[in-house]
Amino acid sequence: MIGREIRRDDRITILSGAGISAESGVPTFRGEDGLWKGYDATQLATPEAFASDPEKVLEWYIWRRKMIADCSPNPAHEAIAALEDAGYDVAVITQNIDNLHRRSGSKTIVELHGNIFKLRCSGGCRGITQISETTAPEDVPRDCPTCGRLLRPHIVWFGEFLDPDDIVAAQHRLSNTDLLFIVGTSGVVHPAAGLGYIAKEAGAYVVEINIGYTPLSDMADVTLLGPAGQILPKIFAPLLKAQ
Ligand code: OAD
């Protein structure tokens, strides 16, 4: 199906974007039902917005958290987690902040853009405050336990840099990958969009899964057009049966 056999000792990496969660009901960013539609995200998901109106930004994240908490992992997330669980060397590098890879059971994950269920001090104190899908809005901690300043979502906002540790971890994994699946990303937001080329240049076989072609399609060895929740289980399920 992908034009290459998947071997038991392949190092398999999944580079995922919002499209992998679309079938869970989480809106994508650039689709028809884009998450930002009706909201000026560039006004809200920025350090400047948080500095000028933190209440508004925090309220928006409470709304987004509730929307995501009401969604569940779909067969695409589950197929990836099952493959790792079966002992394959699988790593996920995701742009998604929705926690669905973790909820489906994946363990080896780099979250390039953070996680909406993590908070950190807006003043820069170290440490992460973890909440969950079941944390009630009124129970979301507001203040940093160290300095008392407001906590903010542990998310990369517009105009902010990715965590260098995450970039290094992603680059290292992609340089040491045999098989790369690029799933549900428009491939236009950097630096994430450029990460697939690292694997390609290091010799990986690259499979793109998307409902349409993207700027990454030319680089991929094969592009499989269709919903990730249908395609990924078809690729991985036979490997699990063969165990
Ligand atoms: P986009 O919304 O830009 O792209 C989603 C991609 O998923 C598109 O290429 C769709 O064709 C594809 N897609 C939609 N449904 C699909 C399905 N069921 N199966 C497979 N593919 C499907 O989302 P990202 O590429 O993730 O950054 O966007 C990257 C970043 O842009 C986000 O992480 C976010 C945003 O700015 C930050 O918030 C920092």
Side-chain angles (χ1 to χ4, degrees), residues 1-2 14-50 57 60-61 63-65 67-68 71-80 92-101 104 109-118 152-163 166-167 170 180-197 207-220 222-236:
M1 185 171 179
I2 65 168
I14 318 286
L15 192 55
S16 68
I20 202 169
S21 297
E23 290 153 85
S24 294
V26 182
T28 60
F29 290 86
R30 292 170 184 80
E32 279 290 298
D33 302 319
L35 178 63
W36 310 120
K37 217 168 174 177
Y39 300 88
D40 193 345
T42 54
Q43 299 295 310
L44 288 180
T46 69
E48 293 79 15
F50 187 72
V57 173
W60 188 59
Y61 276 99
W63 173 82
R64 286 188 66 190
R65 250 182 234 119
M67 190 258 289
I68 288 170
C71 297
S72 302
N74 69 56
H77 301 104
E78 285 159 3
I80 295 164
V92 174
I93 300 171
T94 189
Q95 296 166 81
N96 300 343
I97 49 127
D98 57 28
N99 210 33
L100 290 179
H101 280 296
S104 71
I109 309 176
V110 178
E111 292 172 316
L112 291 171
H113 293 165
N115 184 308
I116 199 163
F117 297 102
K118 291 179 177 173
R152 56 162 279 182
H154 183 56
I155 282 181
V156 178
W157 279 334
F158 292 101
E160 293 185 324
F161 293 108
L162 273 61
D163 184 329
D166 289 336
I167 297 183
L180 173 65
F181 290 87
I182 302 180
V183 187
T185 178
S186 56
V188 296
V189 176
H190 288 271
L195 289 174
Y197 292 90
V207 180
E208 180 184 45
I209 299 173
N210 200 301
I211 54 171
Y213 291 104
T214 75
L216 302 176
S217 303
D218 280 348
M219 172 271 278
V222 61
T223 295
L224 302 176
L225 289 180
Q230 291 178 24
I231 294 179
L232 273 175
K234 277 193 196 135
I235 299 171
F236 292 160

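Counting starts at 1 for both ligands and their atoms, following the listed order. Quick note: numbers below take in every heavy atom, side chains included, and nothing from hydrogens, waters or symmetry partners.
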Ignoring hydrogens, just give me the one of [options] whose non-hydrogen atom is nearest [atom].
atom: atom 12 (C) of ligand 1; options: Leu112, Asn210, Leu224; value: Asn210
atom: atom 2 (O) of ligand 1; options: Phe29, Phe158, Tyr213; value: Phe29
atom: atom 25 (O) of ligand 1; options: Ile20, Thr185, Thr214; value: Thr185

(message) What I want to check is whether the side chains of His77 and Ser72 have a donor and an acceptor closer together than 3.5 Å.
(response)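 No.
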(message) Just to verify, what does Phe117 make a ring-ring contact (aromatic ring centres under 6.0 Å, His included) with, not counting sequence neighbours?
(response)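 Once residues adjacent in sequence are excluded, Phe117 has no partner under the ring-ring contact (aromatic ring centres under 6.0 Å, His included) criterion.
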(request) For the pair Ile20 and Leu232, evaluate side-chain contact (heavy atoms from CB on, under 4.5 Å) and give the outcome as yes or no after the intermediate values. (result) CA-CA 10 Å; Ile20 202 169; Leu232 273 175; 4.3 Å; yes
What atoms in ligand 1 come closer than 4.0 Å to a heavy atom of [X]?
X: Ala22; value: 15 (N)
X: Glu23; value: 17 (C), 18 (N), 19 (N)
X: Val156; value: 39 (C)
X: Ala18; value: 23 (O), 24 (P), 26 (O)
X: Gly17; value: 26 (O)
X: Gly184; value: 5 (C), 6 (C), 7 (O), 21 (N)
X: His113; value: 27 (O), 32 (C), 33 (O), 37 (C), 39 (C)

Can you tell me how far the [atom1] atom of [X] sits from the [atom2] atom of [Y], to the nearest 0.5 Å?
X: Thr94; Y: Ile109; atom1: OG1; atom2: CD1; answer: 8.0 Å
X: Asn210; Y: Leu225; atom1: CG; atom2: CG; answer: 7.5 Å
X: Ile209; Y: Ser16; atom1: CD1; atom2: OG; answer: 11.0 Å

(request) Measure the shortest side-chain to side-chain distance between Phe181 and Ile80 over non-hydrogen atoms and say whether it is less than 4.5 angstrom. (result)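 No, side chains not in contact.
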